[in-house]
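Data block below; observations after.
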Amino acid sequence: MDSRILDIQGLCARDSVEELLVDVSLHVDAGGRTAIVGESGCGKTMTLRALLHTLPPDVEVSAGRIRFMGEDALALKGEALRKDLYMRIGHVGQNTSENLHPLLKVSRQLTDFSPLGRKEALEKATALLESLSIKDPGRVLSSYPGELSGGMRQRVNMAVALMKDAPLLIADEPTSALDAHVRRQVEELYQGLCEREGLSLLLISHDLSFVRRIADRVYVMYAGRVVEEGSLDEVFGEAAHPYTKALASLSGRRSLDRTRDLDEIGGSVPDKGRGDPSCAFSSRCPYAARDCHNALSYRHLGGSHYVRCCHELA
Amino acid sequence: MSLLEAVRVGRVFPIDGPQKRFEALKDVSIHLEAGESVGVLGESGSGKSTLAAIFGGLDRPTSGQVLYKGRDIATLKGGDWKCFRQSVQYIFQDPKAAMNPYFTLRQVLMEPLKVNRKELSKAQMVELVEDMTARVGLPTSILSRHPDEVSGGQAQRIITARVLLLEPEVIIADECVSALDLSIQAQIINLLRRIRSATGASFLFISHDADLVRYFCDRSYVMLHGRIVEELGQDLSASAKSEYTRMLLGGL
Amino acid sequence: MRRRGNPSLFIGLILTLLVASLGIIGVLHSPYDPEAMNLMQRFNGPSLEHPFGTDHFGRDMLSRVMMASGTALSSALVSVTLGALAGIALGTLAALAPRWLSTLVMRLVDALMAFPTILLALMAAAIFGRGLLPSVLAVCISMVPSFSRLTQAMVMEGRERLSIKAARAYGAPAWRIVIFHMFPPVLTRLVTQFTSAIGGAVLLESSLSFLGLGVQPPSASLGMMLSEARAYLLTYPWQVLPSGITLLVLVLGLNLLGDGLGSLLTRRSADGL
């Protein structure tokens, strides 16, 4: 049996005009908690959509393979796709209010697709909601999504994903645009989830302080490529890519100095020329030098720590 | 006399259901002085956006009044109303939705000038628009694109430029960065700070992000269920009294 | 923006133009007088002199199809234009008027929708006599509800859009907001609806004249030609083909054109990624 539940190797995706993902390799260990970080437009969600067969109609996978629980995930079709992929992956989407059907009660959304009988499914749903620290699951089950608060909806979404007993849970930006204290609740929920036996987590986020509390392995993506990867300590403790450093400097908001400007990464993620073998970050990079325009490859920094940058940063 | 002031404002929406009415705002009084940046903190659904709409004259209160330089805006007419309308401007949460998708960005920026500065010639307007585009840190080549062809951060800069073209005294920023990445949030906040020191505009800064409010504002109001529950000084957590506020600030 | 081919638009345009040019050529230069009978030449099959053959009075079918296509298209155009204008006006009124008035208008529209068009045509025929005018009137009235509902829904939805609020915030006057901000998205939908409605109107006009309520003999209309050919269906079955196929091609073409225009005019919003 594979020790990796999800293994993506050399994934490339492109639309009719240009490349969107270039040579993306990443994996989730069985029982591991992997995070992909980066700004919007870096290809995090696109990678996920390749796995879930939900790429936009004009985008196709042009190279690479995705193995999920030993099967070739890209080749799955029809019933096998549903059984071997969708029923084995719990997916908590980006926008929690849009992922719930507004006209169906929570109880139906939790139990409808379950193979269990209705009564057992309801019992399971109740237990699940309780385990997500909802005090009165009965009331939540008989409400419509619109009657719940943001934090509650997030929990219900997680419960929907967990009802399948899927071995892999994918969470796409679970904290974006949430109120501060709801965010903390969500953090605690995910921390609690990690203790669950046999559950692997793939987390997608641009919020590094959140990732730091949850993940054990981190991939930093920029402009369709992985630019740094390693264990949590390697990537955050000894960040080697200027982009990783810049992202990290953004998340320490608690002690903002009013007399100074906020740290920012000037410019924006380029949406063209991703296939170019040189460094895509060089236009925004404070360390940029002439070497950056040469073709780049990954440097091994010890352990499982790799970086795609030509500078030796202390 | 405050620059802009809401006095005991209430707003009731008729809804379907047993109650028939929903009180989004209850007896809210806030004021904004010239050159001041005031934050409004609260959870989603606490009435912040309703307050923003009423404070800037986009919606009418069902009770109470909004005073602009001491005059009730409901009584303003003709030129006075135009003057008020021009001097209070909005930056919204979703910049792309705030633009006409059929316009190019150039048309988006030209329209407020065409409406409010009729004395200018076309060439002068184009010049103003291009200057302002550069001031918010965008290349003028972007102006020929449509809103759906730019990123969220670029769109929010365009909205900021559109607001600045009217040289407003008050800018109401309603969750203006919460839909953006942290890196882009920082860019926009820094831009707003530069604008503030250059123009001396007052800000009503509505956000659920206490860290940003503490960073950007001189003092703040905390909203809960349509009421102002507390008024805080610049250093939010030090002056917070109620438990709700402390929870909101993440102190618990 | 990435563009893909738009086969519906292309095929729809070709089919529609094909029938439209038949109609136009018919007006300018018809090969024969479409009403001239020749009892020596009844039920002739296709030949060089008569490419579509001749009918039971020996009239040239090509000339009759040409005349009929012209009538069908122009009467559909007139009735849908008038119906759409009335519908748009009512819909805008219903969206912007105070609640009691808008309820009144929309209930009237509902009542109109429930009223069978055939019955309407019969009533019009009873008042104005048989002929083109009452059928155009009936088709026109039957077009009002769909246009008024569409307009009302889109204007109501448009009023809540953030871009409209923003335009009000920088002081754009009401006429500017309606023309530049509310109308463009409505317009694209209306153009699509308009094109498809013409297809529907052609079909409706044909069924009315099939029943003898529309254009009167000896003039030609597609529905009437079908109805005449029906009498000889067992002996000369091909008689239904010229008018039947023309009708099919025209309606199919207009519907495809409507679809194609729809996808052409709808600006795709960015894909979120």
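These numbers were taken from a predicted model, which means no experiment stands behind them.
Contact of B/V88 with chain C is made through the backbone alone, with heavy-atom distances under 4.5 Å. The contact between B/N100 and chain C is made by backbone and side chain atoms together, counting heavy-atom distances below 4.5 Å. For B/Q86, no part lies near chain C; criterion is any non-hydrogen pair under 4.5 Å. Both the backbone and the side chain of C/R168 come within contact range of chain B, judged by heavy atoms closer than 4.5 Å. With a threshold of 4.5 angstrom between heavy atoms, B/L166 approaches chain C through side-chain atoms but not through N, CA, C or O.
B/K96 and B/E149 are not joined by a salt bridge, as no carboxylate oxygen comes within less than 4.0 angstrom of a charged side-chain nitrogen.
With ring centers used as reference points, B/F92 lies under 6.0 Å from B/Y90.
Under a cutoff of 6.0 Å and an axis angle of 45°, B/R71 and B/F84 do not form a cation-pi pair. Both tests pass for B/R11 against the ring of B/F13: distance under 6.0 Å to the centre and angle within 45° of the axis.
You'll find the side chain of B/S202 stays beyond 4.5 Å of the side chain of B/I171, heavy atoms only.
Counting heavy-atom pairs under 4.5 Å between each of B/E111, B/Q89, B/K114 and chain C puts B/E111 at the top. In terms of non-hydrogen atom pairs under 4.5 Å with chain B, the most contact-rich of C/A169, C/P173, C/P184, C/A172 is C/A169. The candidate from B/R162, B/M99, B/Q107 with the greatest count of non-hydrogen atom pairs under 4.5 Å with chain C is B/R162.
The residue from C/L112, C/V105, C/L108, C/T151 that alone fulfils the side chain to side chain contact (heavy atoms under 4.5 Å, CB included) condition with C/L90 is C/V105.
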